[in-house]
Visitor: 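Structure provided below as structure tokens; questions to follow.
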Amino acid sequence: MPPPRWGGAPLWYARSMAKTIVQKIWDQHVVSQDEGAPAILAIDLHLIHEVTSPQAFTGLRTRGLKVRRPDKTVATADHSIPTTPRNLPIADEMAATQVKQLETNCNEFGIPLHGWESPNQGIVHVIGPELGLTQPGATIVCGDSHTATHGAFGALAFGIGTSEVEMVLATQCLLQRTPKTYLVRVDGKLQKGVSAKDIILALIARIGVGGGTGHVFEYAGEAIRALSMEERMTICNMSIEGGARAGLVAPDETTFAYLKGRPHAPQGAAWDEAVARWKQLPSDPGATYDKEIVIDANTLEPMVTYGTNPGMGLPISGSVPDPATESDPASARALTRALEYMDLTAGQSILNQPVNTVFIGSCTNGRISDLRIAAAVLKGKHVASGVRVMVVPGSADVKRQAEREGLDTIFRDAGADWREAGCSMCIAMNGDQLAPGEYAISTSNRNFEGRQGKGGRTFLASPLTAAATALSGRITDPRTLA
Amino acid sequence: MAAPKVERFSSALIPLPAENVDTDQIVPARYLKVVVKSGLADALFHDWRFNEDGTKKTPPFVLDDPRYAGRGILVAGDNFGTGSSREHAPWALDAFGIKAVISTSFADIFKNNALKNGILPISVDATVHSQLMDVARSGDAAQVSVDLASAALTTPGGAVVKFAIDPFAQKMLLGGLDELDFVRSKEADIEAHERAHPGTVNTKAPQAAK
Ligand code: SF4
């Protein structure tokens with residue numbers, strides 16, 4: 001029976017025979033649902049970090065409640081910690097207090113913590129997959145909008161607010177309305193120099209930052225199947241930039257191969273059973289979606305943003321749009337303001353635009369494959385003079401692996417700064433930031449005003465484009481590299 | 001735990017004619033280093049309101065414009081609250097005295113967070129929105145009244161406009177009821193589901209030999 005839903009039941013409930021992966025995961029996790037109320041949804045994994053959790057723990061204490069399932073909860077410190085050597089104390093007093101508070105809360109409530117000095121520390125969306133905690137078919141939440149990253153494994157993963165963090169801590173459940181589904185089919189093959197980041201930036205440029213509101217993206221098609229897990233994470237990560245709280249890719253052999261043998265993945269007979277179950281997850285043939293879009297990977301170029309939201313992106317050979325040609329007055333106003341903030345001129349080409357800083361890192365593109373790509377570009381060369389290049393691994397594990405491969409030496413020799421793991425200049429809470437007016441090309445996910453430092457200006461791009469830009473100090477098409 | 005209770009209120013309007021207002025503008029990230037919910041009134045739209053030296057901008061941002069002082073309903077452009085999940089955004093709006101935001105649409109997480117803090121995200125169609133935006137921009141002190149029980153607002157012209165609101169959130173706010181209490185009252189269902197679905201995620205015990 002279709003559950004009552006605010007604004008009408010999603011289409012997939014009306015045709016209940018063929019199910020999408022979202023519907024399958026949903027159905028397996030509904031604990032109960034009262035008439036007119038949202039479903040109570042069971043949560044398999046709750047990720048915690050220092051910034052969005054302290055008030056939730058205070059709420060638990062006020063109510064005299066425990067954490068219901070510490071064994072399904074895991075914490076790390078990533079947002080406000082410095083990326084300077086770990087033997088130095090946290091200089092920022094407020095950040096230090098916040099990290100200390102996280103430790104206190106985890107100790108008191110029995111939650112495993114990969115704290116800022118732990119060998120497993122890292123950005124919450126990097127360590128979940130690394131540790132094998134992110135598993136297909138699971139419901140995963142975190143007080144963080146980029147939780148969608150975990151959808152790469154065929155999990156239903158989404159960001160929640162702090163009140164919801166408190167609810168999940170207390171009950172391991174969440175009140176949720178059934179989401180609508182949005183099929184994003186990416187056909188064809190990516191050309192050389194074009195990457196997963198360019199697929200997602202192209203999608204958001206097409207549908208806008210509110211295009212997926214109320215929906216869960218399912219990324220499918222030949223070009224998605226061909227991607228590695230890390231590339232799929234890059235795409236799912238930015239679902240929220242397209243307005244969707246979650247985005248996922250059905251699990252396949254690539255998924256299982258990545259997961260097998262990771263510390264928290266099932267093993268032995270349990271592994272075989274799990275894989276058999278996970279193989280049932282992909283959407284059934286004939287399953288219907290509330291919305292669909294098709295993107296042709298063959299025609300995609302490297303993408304770069306020019307404005308102050310991630311939807312303001314263009315192919316790297318393109319030119320900055322003109323507010324005068326915008327038919328909608330509100331969009332024209334927004335574009336005018338964005339160009340003012342970015343100090344760009346309508347009609348100018350984005351290529352060759354000078355940058356002061358290059359940031360390679362974040363939960364979008366701070367994984368080992370991203371660093372390998374950047375290192376391959378920088379190897380034996382030097383970054384342009386006067387350009388600051390910061391390379392920040394997504395986790396302590398990524399950092400160790402990079403160092404085993406000698407990538408740190410390549411970066412340092414090229415004149416780049418090699419840092420400790422964390423969110424760093426993606427959110428600029430920890431002192432890693434742009435000065436007012438500075439331009440950065442960044443592999444992160446948000447180019448909002450001041451996101452990378454008050455008054456700073458951000459161009460979002462892939463690690464390949466960012467590294468190519470580091471060499472010239474100007475936005476450079478990576479396809480022109482020798 | 002006291003849950004916010006909302007029934008009806010009225011206020012003149014504050015115009016914020018920008019689309020896709022993101023939570024990094026509503027509360028810049030450097031104000032997220034707090035461990036409490038209170039004290040965020042000055043963080044609200046900080047970088048649009050204050051100069052580098054902490055003085056207010058001239059001309060002032062709408063929130064600091066004496067013409068709009070004391071008003072509690074913000075009229076903003078489409079897709080308000082896009083971006084991060086920070087609940088600091090509604091905490092800051094609340095601290096400043098904002099009771100409702102009127103727009104043509106809201107980002108999902110912001111909408112949830114706002115409702116949990118008793119701030120109404122009111123979606124209206126483009127025609128009503130542009131009328132209200134015009135009223136707000138004119139500085140007119142005419143009141144808009146909002147009645148949650150009937151999910152309707154009354155415009156300064158006297159027109160009654162219905163708005164969509166999740167009926168569950170509506171019930172919770174009208175009764176000052178607590179969502180966590182509601183979920184906890186389903187303990188038997190939760191236990192039964194847990195028994196039937198043990199799952200393979202265990203954050204405490206690594207399962208594979210490394
Ligand atoms: S890297 Fe950036 S987007 Fe990712 S979790 Fe950290 S702050 Fe958020």
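If you're wondering where the values come from, they're calculated on a predicted model, not measured in any experiment. Chain A is the first sequence line, chain B the second, and so forth, proteins listed ahead of strands; every chain is numbered from 1. Note that these values count all heavy atoms, side chains included, but never hydrogens, waters or copies made by symmetry.
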Visitor: Select, from B/P17, B/G77, B/A169, the one with the greatest count of heavy-atom pairs under 4.5 Å involving chain A.
Guide: B/P17
Visitor: With heavy-atom distances below 4.5 Å as the criterion, would you say the side chains of B/V35 and A/M94 are in contact?
Guide: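 Answer no - side chains too far apart.
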Visitor: Please determine whether a side-chain nitrogen of the Lys or Arg among B/D24 and A/R451 lies less than 4.0 Å from a carboxylate oxygen of the Asp or Glu.
Guide: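 Salt bridge present between B/D24 and A/R451.
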Visitor: Where on A/N105 is there a heavy atom nearer than 4.5 Å to chain B: the side chain, the backbone, both, or neither?
Guide: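 Contact with chain B: none, neither part.
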Visitor: If we define contacts as heavy-atom pairs under 4.5 Å, which of A/D71, A/L45, A/T58 has the most with chain B?
Guide: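 Most pairs with chain B among the choices: A/D71.
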Visitor: Can you tell which part of A/A95 gets under 4.5 Å to a heavy atom of chain B, answering side chain, backbone, both or neither?
Guide: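 It is both, since atoms from each part get that close.
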Visitor: By a 4.5 Å heavy-atom criterion (distance strictly below it), what part of B/F182 contacts chain A: side chain, backbone, both, or neither?
Guide: side chain
Visitor: Quick one: of A/T213, A/I240, A/I427, who has the most non-hydrogen atom pairs under 4.5 Å with chain B?
Guide: A/T213
Visitor: What part of A/Q98 gets closer than 4.5 Å to chain B, counting heavy atoms only: side chain, backbone, both or neither?
Guide: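 A/Q98 touches chain B through backbone and side-chain heavy atoms alike.
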Visitor: Where do B/K186 and A/I40 come nearest, in terms of heavy atoms and distance?
Guide: CG-CD1, 3.4 Å
Visitor: In terms of side-chain geometry, is the basic nitrogen of B/K116 or A/E166 positioned less than 4.0 Å from the acidic oxygen of its partner?
Guide: no
Visitor: Run the numbers on B/E179 and A/E164 for side-chain contact (heavy atoms from CB on, under 4.5 Å), then give the verdict.
Guide: CA-CA 10 Å; B/E179 292 192 354; A/E164 292 175 313; over 6 Å; no
Visitor: Once you round to the nearest 0.5 Å, how far does CZ of A/R446 lie from CG of B/D22?
Guide: 8.0 Å
Visitor: Which region of B/N202, side chain (C-beta onward) or backbone (N, CA, C, O), has a non-hydrogen atom less than 4.5 Å from a non-hydrogen atom of chain A, or is it both or neither?
Guide: both
Visitor: With a 4.5 angstrom heavy-atom cut-off, is it the side chain or the backbone of A/P310 that approaches chain B, or both, or neither?
Guide: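 No part of it gets close to chain B.
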Visitor: What residue, out of A/T97, A/D92, A/N309, has the most heavy-atom pairs lying under 4.5 Å from chain B?
Guide: A/D92
Visitor: Should we count NZ of A/K260 as having more than 12 external heavy atoms under 6.0 Å?
Guide: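 At most 12 heavy atoms, drawn from other residues, nucleotides or ligands, come within 6.0 Å of this atom.
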Visitor: Go through the atoms of B/V201 and report whether side chain, backbone, both or neither lie under 4.5 Å from a heavy atom of chain A.
Guide: both
Visitor: Do other residues, nucleotides or ligands put more than 12 heavy atoms under 6.0 Å from B/R49 CZ?
Guide: yes
Visitor: Given B/L180 and A/R63, is the side-chain contact (heavy atoms from CB on, under 4.5 Å) satisfied, shown in steps?
Guide: CA-CA 10 Å; B/L180 181 42; A/R63 293 170 187 268; 3.4 Å; yes
Visitor: Go through A/G137, A/G132, A/P38 and name the one with the most non-hydrogen pairs under 4.5 angstrom from chain B.
Guide: A/P38
Visitor: Determine the minimum heavy-atom distance between B/E187 and A/R68, stating which atoms define it.
Guide: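 Minimum heavy-atom contact is OE1-NH1, 2.9 Å.
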Visitor: What pair of heavy atoms forms the shortest contact from B/D108 to A/G243, and how long is it?
Guide: OD2-O, 3.8 Å
Visitor: Check whether A/T147 gets within reach of chain B through its side chain, its backbone, both or neither, counting any heavy atom under 4.5 Å.
Guide: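 Contact with chain B involves no heavy atom of A/T147 at all.
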Visitor: A/H79: which residues meet the side-chain hydrogen bond (donor to acceptor under 3.5 Å, both in side chains) condition with it, sequence neighbours left out?
Guide: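 A/D144.
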Visitor: Go through the atoms of B/D189 and report whether side chain, backbone, both or neither lie under 4.5 Å from a heavy atom of chain A.
Guide: both
Visitor: Locate the shortest heavy-atom distance separating B/P167 from A/G36; write the atom from each residue and the value.
Guide: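 In this case the closest contact between B/P167 and A/G36 is CG-O, 4.2 Å.
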Visitor: Between A/R337 and B/E19, is the closest basic N to carboxylate O distance under 4.0 Å?
Guide: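 Salt bridge absent between B/E19 and A/R337.
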Visitor: Given a strict heavy-atom distance threshold of 4.5 Å, which part of A/S163 is in contact with chain B: side chain, backbone, both, or neither?
Guide: both
Visitor: Please identify, among A/R245, A/E241, A/Q101, A/E50, the residue contributing the most non-hydrogen atom pairs under 4.5 Å to chain B.
Guide: A/R245
Visitor: Decide side-chain contact (heavy atoms from CB on, under 4.5 Å) for B/V183 and A/M167; before the verdict, give the C-alpha distance in whole Å, the side-chain angles of both, and the deciding distance to 0.1 Å.
Guide: CA-CA 8 Å; B/V183 173; A/M167 177 172 296; 3.7 Å; yes
Visitor: Give the table of side-chain donor-acceptor pairs shorter than 3.5 Å for residues 88-96 of chain B, with sequence neighbours excluded, one pair per line with atom names and distance.
Guide:
| residue | atom | partner | partner atom | Å |
| --- | --- | --- | --- | --- |
| B/W91 | NE1 | B/N117 | OD1 | 3.2 |

Visitor: To the nearest 0.5 Å, what is the distance between NZ on A/K72 and NZ on B/K204?
Guide: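 A/K72 atom NZ to B/K204 atom NZ measures 12.5 Å (nearest 0.5 Å).
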Visitor: Can you tell me which portion of B/E52 sits under 4.5 Å from chain A's heavy atoms? Options are side chain, backbone, both or neither.
Guide: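 Contact with chain A involves both backbone and side-chain atoms of B/E52.
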Visitor: Please name the pair of heavy atoms, one in A/S145 and one in B/S85, separated by the smallest distance, quoted to 0.1 Å.
Guide: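 Smallest heavy-atom distance, with atoms named: N-OG, 3.6 Å.
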Visitor: Could you verify whether a donor N or O on one side chain and an acceptor N or O on the other, from A/T52 and B/E87, lie under 3.5 Å apart?
Guide: no
Visitor: What distance do B/F168 atom CZ and A/Q33 atom CD have between them, rounded to the nearest 0.5 Å?
Guide: 10.5 Å
Visitor: Sub-4.5 Å heavy-atom contacts with chain A: which residues of residues 25-33 of chain B show up?
Guide: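 Counting heavy atoms that sit under 4.5 Å from chain A, the residues of residues 25-33 of chain B involved are B/Q25, B/A29, B/R30, B/L32, B/K33.
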Visitor: On a heavy-atom basis, which atom in A/T171 and which in B/I190 lie closest, and how many Å separate them?
Guide: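 Nearest heavy atoms, A/T171 then B/I190: O-CG2, 4.0 Å.
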Visitor: With the threshold set at 4.0 Å, does a side-chain nitrogen-carboxylate oxygen contact exist between B/D47 and A/K454?
Guide: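 Salt bridge: yes.
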Visitor: Please classify the contact between B/A205 and chain A as side chain, backbone, both or neither, with a heavy-atom cut-off of under 4.5 Å.
Guide: backbone
Visitor: Is a side-chain donor or acceptor of B/H193 paired with a backbone partner of A/L41 at a separation under 3.5 angstrom?
Guide: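 Not confirmed, B/H193 side chain does not pair with A/L41 backbone.
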Visitor: For B/I109 and A/I160, what are the C-alpha separation, side-chain angles and deciding distance, and is it a side-chain contact (heavy atoms from CB on, under 4.5 Å)?
Guide: CA-CA 7 Å; B/I109 307 179; A/I160 57 179; over 6 Å; no
Visitor: What part of B/E191 gets within 4.5 angstrom of chain A, counting heavy atoms only: side chain, backbone, both, or neither?
Guide: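 Both backbone and side chain.
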Visitor: When heavy-atom pairs shorter than 4.5 Å are enumerated against chain B, which of A/A334, A/P436, A/A274, A/A330 gives the highest number?
Guide: A/A330
Visitor: To the nearest 0.5 Å, tell me how far B/N20 CG sits from A/T308 OG1.
Guide: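 Taking CG in B/N20 and OG1 in A/T308, the distance rounds to 8.5 Å.
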Visitor: Partners of A/T162 by side-chain hydrogen bond (donor to acceptor under 3.5 Å, both in side chains), sequence neighbours excluded?
Guide: none
Visitor: If you define the side chain from C-beta out and look only at heavy atoms, does anything of B/R184 sit under 4.5 Å from A/L65?
Guide: yes
Visitor: Any chance CZ of B/R8 has more than 12 other-residue heavy atoms, nucleotides or ligands included, within less than 6.0 Å?
Guide: no
